[in-house]
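Here the structure is laid out as structure tokens; the discussion comes afterwards.
Residue numbers begin at 1 in each chain, while the letters A, B, ... track the order of the sequences. Only this structure's heavy atoms are used, side chains among them; waters, hydrogens and symmetry mates stay out.
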Amino acid sequence: MAPPHRPLDREESFPQLEERVLERWRERDVFAESVRRREGAPPWVFYEGPPTANGRPGSHHVLARVFKDIFPRYKTMRGHYVERKGGWDCHGLPVEIAVEQELGFTRKSDIEEYGIAAFNAKCRESVFTYLEDWNRLTERIGFWVDLEHPYRTLDDDYVESVWCALSRLHEKGLLYEGHKVVPYCTRDGTTLSSHEVAQGYKDVEDPSVYVKLPLLDDDAQLLVWTTTPWTLVSNAATAVDPELTYVRARAGGDVYVLAEAAVERVLGEDAEVLESFPGRALEGRRYEAPFPYLAADAYGPRGHTVLLGDFVSADDGTGIVHTAVAFGEDDYRLGQQYGLTVVNPVRLDGTYDERIGPYAGRWVKDADADLVEDLRARGRLLRSERYLHAYPHCWRCGTPLLYYAKPSWYVATSQLRDKLLAANETVTWHPPHIKHGRFGKWLENNVDWAISRERYWGTPLPVWRNAAGETVVVGSFDELRERSGADVGDPHRPYVDEIEIPSPTGGEPLRRVPEVIDVWFDSGAMPFAQWGAPQHDEDRFERNFPADFVCEALDQTRGWFYSLLAISTLLFDRAPYENVVCLGLLTDDEGLKMSKSRGNIVVPWEVIDRHGADAFRWYFFTTKQPWDGYRFSVETVGESVRQFLLQLWNTYGFHVLYANVNDVDPDAAAGPAGDLDRWVLSRLAATVETVRERMDAYDATTAGRAIAAFVDELSNWYVRRSRRRFWDGDPAAFATLRTCLVTVSRLLAPFTPFIADEIYDNLDGTEPSVHLTDFPEVGGVVVRDEALECAMDTVRETVRLGLAARGQAKLKVRQPLRAAVVVAAGAERAAIDRLADVVRDELNVKAVRYVSEADELGSFEIKPNYRALGPRFGKRMPLVAAAVAALDPAVVSGILRDGGAVGISVEGEEHRLASGDLQLAMQPLEGYRLEREGSHAVALEVELDAALVREGWVREAIHAIQAARKAAGLAVEDRIVLTLDGDPELLSAVREHEAAVAAETLAVTVSYGRDGSDPHAAAIDGRELSVWVARAPSR
RNA sequence: GGGCGAUUAGCUCAGUCGGUUAGAGCGCUUCUCUGAUAAGGAAGAGGUCCCAGGUUCGAGUCCUGGAUCGCCCA
């Protein structure tokens, strides 16, 4: 007859086990089946934030993917229909850069020369360079997501959905063209992303000049400071802080206007302050520009006047800021606010145009020195210095970047700021501080979203127009076909660029603008674009909107979390997600960010091959709350294996071993359950409650830790205390342990899906997989008995105290003692009495005796319970403490144990203190073997008589025989023929307890005298014992 | 420069509503238990709860300022 359960293969590692489980999932099609079985059930919606597959997946992707996995698995088991459509972000600069590097391109014009069609074809291939790596890793870590039908932002349907969204925004008047100040490389002719800018900072020396701007209606001069003299030719205005204090100050015969805080630093100690006033007093004052090439009215009515700006600081410079609208973010915003005309006298190649007279044609940064000399010659320079600062350079060619106002398309998100904030209010964030912190603050400071990019590989901006300003924003391929008469093939550049739309008024044909759109708009459109809605499957979109759950790393607050919210709010006036889990960053074990250059990246396969995917997952779920980041290494994952997975696995192995040895029928009716069984099932029920409650709150950490705590109790208390019942084949014990293990496997299924399924499959197997079962509920045999749990806590505490007392007395546990004396009364005593067997066994004592009064063992001391009395007495607490200290502990402890109350007098008033108001602690008397905790204590009777000593010897002998069994390589169920020799008194003790020795060691015969072979030798209490064991013939 | 977060034992992390002796695991020392375990138990060493003020009868916890680290923005 086959054993009830598959025996464990002790050679198999966790990674090998997982590969085998993966194979079983494939055979049984478990993922698809788990979704299929919930068809028609209430949906629970997850959105996959699409990664880009043009780089290899790293450990931080494992973090995101396991958290994206656990909650959908959980919700599926809770009865929801959880579709999980995978997705890939396909467009964008990172892809282009990878291709440029592959082709050895160094400038943007290389792409045009190579041909956009060919370049984009390369990009299309490059996107999926590492698709296989991603798919393999995704499967291996057990992330269940539909990778066979993923959405891809480059697909025609997807692009069309994005066009539709843009056209609706246009209809709502939310799409417009403006200028954006961007970092620009004049050599490559390219705008750089912030990520690229961050790569290229270099410390350089630039001129630092203080320039005088004479006021037109006054003899004073404004002082401004700049490190980019080349922008002075297009000075449009100056800005001051309305709240800051400014002064007129005389120095060296001239009168200047500047911030009070800057006077000494800029003008020196001798400057004489003539007058002070707030910045707002300067508003509208006219001044003479530093260079004459562009007149004030070129900028409009506010040209060359003083304006008020919120970005002005007096910390460096003069507190008056030179503003060149085309060359700075703040400058541009200020210009917008005051209606300044954008005048940019610098060509795209970085040279001045003809408006700048003698400097025309010169590269602007090379003109700095001559411009400064020019100022000096005209008496307009106060001071010129060299200034060392970090300035961004092109990471490709090293050219200093210019900040440059360029035409750009915007989505007017700031008009709907209040709606964005209202939508955010409906979202539950994990951790909560993101909501009104990082994300909320970001929304409050919302500025319009610049969505166009002067690039090639992206969703083309669907705007067609002609020089006359006739503009069409196309919302679908059909619409483009109707308007242009041309078929739309590939909607990417350059093909779509070739389609012309005839002018409705018979003018010039409309051509598409050259830009593509920000990839964040692509991914933010996924709620509908993943289905190709609204062109297709509009109902599918509606069923799957909004998402119940999204989960990404913290840096996505400005990325995907924002783009999803913005698009959804603009189009549908509501948040696209209800719960968001933010994940922190991974650092190495020294807290440093992982980076290629530092060489401290942990490749996920190292972790998986060494410890397995379950260990990887468990580490991420339980080691800490996920949003604070992880200090991470291959070794730390190993700890989570040792602490939890091995403990679980060994408990499971124990069950399989003895169930097979005893041929336990898993379906047989169990006998009556004992207190230990009821206790462990109650603990299981408590665990189920906690796990459900915490998982419903998206708190996998606390949920997982609760499971670990239960497995620890199961292994180190339930099994430990019940071993004899398993040896004896007690059906109630097997039924209880099996219930616990199978329930744990279902609790663990979302966390560690491999080991959970293996345990379930071997111990239960009713369903093809644990992932097709329902999540555990409390009820049936798994019920709570809180009184029993409480009693067991008391018992475990008693045992702990007793073992500590043994340790103090240096008495081995194998030496039986006559009695443990427990100080306990009332409920405590009843609890210990109910489970006295456990205490006797664990402490190896013949009896447990009780004393209600501790007087014979120690004395009490009493202390006020501050937590209870603090609120009642407030600042009189020190008086209360003094009054309590004056009470007689012996008397008070007696009164309180009988449920009485004592009185104290504080400031002439009487107060009654009951047992909850005071804390009793026991102070051991000198010379007793006593361990105490609060009002509870255990003492041991340490006197030994001859009988106890002989019993102790027998326990030692049994231990020696077991060691011999193990050394002989016997299986736990093997019967033996036992031969003993040695010290006569020792042997006589063994003879006296021979039946017990034989039963404990599974000896069919015991004989005395020498055997021929080498014995297993032991020394007990200085007495020799020789042991021979041989496997007995089977019955 | 602004915003957000973090800082507790050698390491990884808990610490509830503010409550008087700040915990766990790993690691270390000593002892111990073992008929599943790479496990378990006991004792010990190990702490400026980042710093400084403040509020309070009482602060790891609340407030202010600062330091360091990280992320985002400028």
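- Distance from the side chain of Glu1000(A) is smallest for G35(B) among the nucleotides A36(B), U34(B), G35(B).
- The side chain of Lys441(A) has C4(B) as its nearest neighbour among A42(B), A36(B), C4(B).
- A sub-4.0 Å separation between OP1 or OP2 of U34(B) and a side-chain N or O of His959(A) is present.
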Next item on the list: Would you sort out whether Trp727(A) and Arg723(A) count as a side chain to side chain contact (heavy atoms under 4.5 Å, CB included), showing the intermediate values?
Entry: CA-CA 6 Å; Trp727(A) 307 336; Arg723(A) 271 184 296 210; 3.7 Å; yes
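- Counting any heavy atom pair closer than 4.0 Å across all strands shown, Glu842(A) reaches no nucleic acid atom.
- As rounded to whole Å, 13 Å separates atom C1' of C69(B) from atom CG of Leu585(A).
- Rounded to the nearest 0.5 angstrom, Arg876(A) CZ and His911(A) NE2 are separated by 5.0 Å.
- Atom OH of Tyr658(A) and atom P of G35(B) are 9 Å apart (whole Å).
- Remark: Arg6(A) CZ is packed, more than 12 non-hydrogen atoms of other residues, nucleotides or ligands lying under 6.0 Å away.
- Outside the 6.0 Å centre-distance limit, the rings of Phe327(A) and Tyr332(A) are not counted as a close aromatic pair.
- Taking atom P in both A22(B) and A59(B), one finds a spacing of 13 Å when rounded to whole Å.
- Here Arg705(A) lies in heavy-atom contact (under 4.0 Å) with sugar-phosphate atoms only.
- OP1 or OP2 of U34(B) has not a single side-chain nitrogen or oxygen of Arg723(A) nearer than 4.0 Å.
- The distance from atom CZ of Arg631(A) to atom P of C71(B) is 13 Å, rounded to the nearest whole Å.
- Distances were taken from every side-chain heavy atom of Pro871(A) (C-beta onward) to each of G35(B), G19(B), U37(B); the shortest belongs to G19(B).
- Distances shorter than 4.0 Å separate some side-chain N or O of Lys966(A) from OP1 or OP2 on U37(B).
- Across every strand in view, U7(B) sits in a pair with A67(B) that passes the Watson-Crick or G-U test at under 3.5 angstrom.
- The one candidate from Trp618(A), Phe616(A), Trp649(A) that meets the ring pair (Phe, Tyr, Trp, His ring centres under 6.0 Å) condition with Phe14(A) is Trp649(A).
- Of the nucleotides present, A24(B) is the one that pairs with U12(B) by Watson-Crick or G-U wobble criteria, both distances under 3.5 Å.
- In this structure, Leu554(A) reaches neither bases nor backbone, as no heavy-atom distance under 4.0 Å exists between it and the strands shown.
- If you take CZ of Arg867(A) and C1' of C57(B), they are 16 Å apart, rounded to a whole angstrom.
- Rounded to the nearest Å, the gap between the C1' atom of A24(B) and that of A36(B) is 25 Å.
- When both pairing distances are held under 3.5 Å, A42(B) makes a Watson-Crick or G-U pair with U30(B).
- Base pairing analysis places C49(B) opposite nothing; no Watson-Crick or G-U wobble pair with both distances below 3.5 Å involves it.
- Nucleic acid contact for Ala963(A): none, since no nucleic acid atom lies under 4.0 Å from a heavy atom of the residue.
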Notebook entry, point to check: Please walk me through it: do Asn446(A) and Tyr562(A) pass side-chain hydrogen bond (donor to acceptor under 3.5 Å, both in side chains)?
Noted result: CA-CA 10 Å; Asn446(A) 184 268; Tyr562(A) 174 67; 2.7 Å; yes
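- Comparing the C1' positions of G46(B) and A38(B) gives an interatomic distance of 26 Å, to the nearest angstrom.
- Taking atom P on both C28(B) and A39(B), the two are 11 Å apart, rounded to the nearest angstrom.
- Applying the Watson-Crick and G-U wobble criteria (two distances, each under 3.5 Å), C57(B) pairs with G19(B).
- Among the nucleotides A36(B), A14(B), G19(B), the one closest to the side chain of Thr651(A) is A36(B).
- Atom P of G19(B) sits at a distance of 25 Å from the matching atom of G65(B), rounded to the whole Å.
- Of all non-hydrogen atoms in Leu763(A) and Arg738(A), the two that sit nearest each other are O-NE, 2.7 Å.
- Out of A6(B), A74(B), A39(B), the shortest distance to the side chain of Asn716(A) is found at A39(B).
- Figure legend. G1(B) is base-paired to C73(B); pairs are counted as Watson-Crick or G-U wobble with both atom distances under 3.5 Å.
- Residue Trp442(A) contributes atom CH2, which lies 18 Å from atom P of G2(B) at whole-angstrom precision.
- At the heavy-atom level, Gly653(A) lies nowhere under 4.0 Å from the strands shown.
- Rounding to the nearest 0.5 Å gives a distance of 9.5 Å between CZ of Arg417(A) and CG of Leu443(A).
- Nucleotide C72(B) holds its P atom 16 Å from the CG atom of Asp628(A), rounded to whole Å.
- At the phosphate of G35(B), OP1 or OP2 sits under 4.0 Å from a side-chain N or O atom of Gln962(A).
- If you check every strand for non-hydrogen atoms under 4.0 Å, Leu1002(A) touches a base.
- For the C1' atoms, the distance from U8(B) to C69(B) is 16 Å, rounded to whole Å.
- Mapped onto RNA chain B by nearest heavy atom, Asp555(A) and Phe654(A) fall at different nucleotides, with Phe654(A) at the one closer to the 5' end.
- Atom CZ in Arg955(A) sits roughly 11 Å away from atom C1' in U34(B) (whole-Å rounding).
- In this structure, the NZ atom of Lys875(A) is 19 Å from the P atom of G18(B), given to the nearest Å.
- In terms of polar N and O atoms assigned as donor or acceptor, the side chain of Arg438(A) comes within less than 3.5 Å of the base of C71(B) in a complementary pairing.
- Using a 30° and 60° split on the angle between ring planes, Tyr184(A) and Tyr404(A) fall in the parallel class, below 30°.
- Val799(A) comes within 4.0 angstrom of nothing in the nucleic acid, heavy atoms only.
- Between G3(B) and G44(B), the distance separating the two P atoms is 48 Å to the nearest Å.
- Along RNA chain B, the nucleotide closest to Thr623(A) and the one closest to His433(A) are compared, and the more 5′ of them pairs with His433(A).
- Spacing of P atoms, A9(B) relative to G47(B), comes out at 10 Å, to the nearest Å.
- Among the nucleotides A43(B), G35(B), G19(B), the one closest to any side-chain atom of Trp727(A) is G35(B).
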